[in-house]
A.B. asks: 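Got a structure here, written out as structure tokens. Questions coming.
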Amino acid sequence: MMRPLRTVLIALLSGAALGLLALMWFFPVLRGAACPPCAGLERAEAGLWVEAEMPEHARAALAAQIRAARGRVATFYGAPQARLIVLACMSEACDRRLGGRGAAAVTYSLGARSVVRIAPSGLSPVVLTHEFAHTETHARLGIFAQITGRMATWFDEGLSVLISNDPQYLHPGFGRGRCLVPPAADLPRTPRSWARQAARDPTLYAQAACAVLLWAEANGGLAQIRSELAAGRRLP
């Protein structure tokens, strides 16, 4: 009985290893997270790796911005649950090595574990807060709920816009009065469909934020989102 079991275990481990290698091949940022020095990054502090050429004053300023951004997310979610690796570039060449294609920042997460890639254009409080909001949302969703789509991508993105208080996509004020653009009836539910539509429609983030505000108005406020996540219910 032991030999067949050992064969099955070896096959499973081999398959997992091959799958991991495939992911790292298609996503350079994961290679960077696995070996930051191989991507030209240096450790600035725990969980933060920066381009080796980034000067000391810029590293210190970025670390302070990250602490402030995580603090803003904590005002919504409470104590952090996400376990982060942040990879930050100050040059386009560095960003391209990590797979950047123009986005200011991207979060790659599975449950509580996240890698956040920050491009030169993403070294700002609003962008950092937006990405860290994603990490905390996904940490509370959990792996199974995340991969099975228990939260629509438009809701995830709209919530991050609200937590980051992004003036590019929101009016000042409260409730639905903050809406810049009314949401379409069929906002994208999956990451792939979101990426396709966001590339064509610059109002999509504003629509998503408005849709989350309307959901909150009908369901007891934004605080209800935390309750729904804690209860493991579908959103929306």
Side-chain angles (χ1 to χ4, degrees), residues 23 26-27 29-30 69 72-73 76-77 81-84 86 99-119 121-122 126-166 168-170 176 178-219 222-236:
L23 279 174
F26 286 110
F27 295 100
V29 67
L30 299 183
R72 284 188 286 273
V73 176
F76 181 81
Y77 270 128
Q81 295 181 13
R83 301 178 66 179
L84 304 182
V86 179
R101 298 181 179 178
V106 180
T107 294
Y108 304 81
S109 64
L110 194 59
R113 294 187 175 274
S114 295
V115 177
V116 180
R117 177 183 57 75
I118 308 294
S121 60
V126 170
V127 172
L128 292 169
T129 304
H130 182 110
E131 298 307 320
F132 296 151
H134 281 313
T135 69
E136 292 299 331
T137 298
H138 300 166
R140 285 158 176 77
L141 266 175
I143 295 173
F144 181 77
Q146 187 183 352
I147 64 178
T148 56
R150 199 173 72 201
M151 176 184 284
T153 299
W154 67 259
F155 198 97
D156 187 7
E157 293 291 350
L159 180 58
S160 285
V161 170
L162 292 171
I163 293 173
S164 64
N165 196 28
D166 193 333
Q168 184 177 357
Y169 303 118
L170 293 165
R176 68 168 62 204
R178 306 204 69 191
C179 290
L180 278 179
V181 183
D186 56 346
L187 290 172
R189 295 196 59 86
T190 68
R192 179 173 294 184
S193 60
W194 175 272
R196 284 199 305 266
Q197 193 166 332
R200 301 192 306 266
D201 186 353
T203 73
L204 193 59
Y205 284 90
Q207 291 184 56
C210 184
V212 175
L213 287 169
L214 296 177
W215 181 94
E217 185 178 89
N219 290 276
L222 290 172
Q224 186 61 27
I225 295 171
R226 296 192 295 270
S227 300
E228 298 294 302
L229 285 169
R233 289 190 281 267
R234 188 175 184 85
L235 276 164

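Both backbone and side-chain heavy atoms feed into the values below; hydrogens, waters and symmetry mates do not. We count residues from 1, following the sequence as given.
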A.B. asks: Would you mind listing every salt bridge (Lys or Arg N to Asp or Glu O under 4.0 Å) that reaches into residues 226-236, with sequence neighbours excluded?
C.D. replies: Glu228-Arg233
A.B. asks: Judged by atom type as modelled, is there a donor-acceptor pair below 3.5 Å linking the side chain of Gln146 to the main-chain atoms of Gly111?
C.D. replies: yes
A.B. asks: Heavy-atom distance under 4.5 Å between the side chains of Val126 and Asn165, does that happen here?
C.D. replies: no
A.B. asks: Please list all pairs meeting salt bridge (Lys or Arg N to Asp or Glu O under 4.0 Å) that have one or both residues in residues 135-156, counting only residues at least two apart or in different chains.
C.D. replies: Arg70-Glu136, Glu136-Arg140
A.B. asks: Going by heavy atoms in the side chains, are Val116 and Thr135 under 4.5 Å from each other?
C.D. replies: yes
A.B. asks: List in chain and number order the residues that pass salt bridge (Lys or Arg N to Asp or Glu O under 4.0 Å) with Arg178, two or more places apart in sequence or in another chain; answer none if no residue qualifies.
C.D. replies: none
A.B. asks: Listed by chain and number, what are the salt bridge (Lys or Arg N to Asp or Glu O under 4.0 Å) partners of Arg83, not counting sequence neighbours?
C.D. replies: none
A.B. asks: Got a sec, which residues hit side-chain contact (heavy atoms from CB on, under 4.5 Å) with Ala195, two or more places apart in sequence or on another chain?
C.D. replies: none
A.B. asks: Whether the side chain of Thr203 engages the backbone of Ala206 through a donor-acceptor N/O pair (distance < 3.5 Å, no angle test) should be reported.
C.D. replies: no
A.B. asks: Using side-chain heavy atoms (C-beta onward) and a distance below 4.5 Å, is Leu235 in contact with Leu159?
C.D. replies: no
A.B. asks: So, using side-chain hydrogen bond (donor to acceptor under 3.5 Å, both in side chains) as the criterion, who are the partners of Arg196 when residues are at least two apart?
C.D. replies: none
A.B. asks: Does any pair with a residue in residues 200-214 pass salt bridge (Lys or Arg N to Asp or Glu O under 4.0 Å), and if so which ones, sequence neighbours excluded?
C.D. replies: none
A.B. asks: Any side-chain heavy atom of Cys179 within less than 4.5 Å of one from Leu213?
C.D. replies: yes
A.B. asks: Can you find a pair of side-chain heavy atoms, one from Phe76 and one from Leu162, that are under 4.5 Å apart?
C.D. replies: no
A.B. asks: Kindly write out the residues that satisfy side-chain hydrogen bond (donor to acceptor under 3.5 Å, both in side chains) with Tyr108, not counting sequence neighbours, or none if the list is empty.
C.D. replies: none
A.B. asks: Looking only at heavy atoms, what is the nearest atom pair of Leu187 and Ala208, with distance?
C.D. replies: CD1-CA, 4.2 Å
A.B. asks: If the condition is side-chain hydrogen bond (donor to acceptor under 3.5 Å, both in side chains), which residues does Ser160 pass it with, not counting sequence neighbours?
C.D. replies: His134
A.B. asks: List in chain and number order the residues that pass side-chain hydrogen bond (donor to acceptor under 3.5 Å, both in side chains) with Ser227, two or more places apart in sequence or in another chain; answer none if no residue qualifies.
C.D. replies: none
A.B. asks: Could you measure the distance from the CG atom of Leu214 to the CG atom of Asn219? Nearest 0.5 Å is fine.
C.D. replies: 10.5 Å
A.B. asks: Which residue pairs satisfy the ring pair (Phe, Tyr, Trp, His ring centres under 6.0 Å) criterion with at least one member in residues 140-160, sequence neighbours excluded?
C.D. replies: Phe155-Trp215
A.B. asks: Who pairs with Glu131 by salt bridge (Lys or Arg N to Asp or Glu O under 4.0 Å), at least two apart in sequence or on another chain?
C.D. replies: none
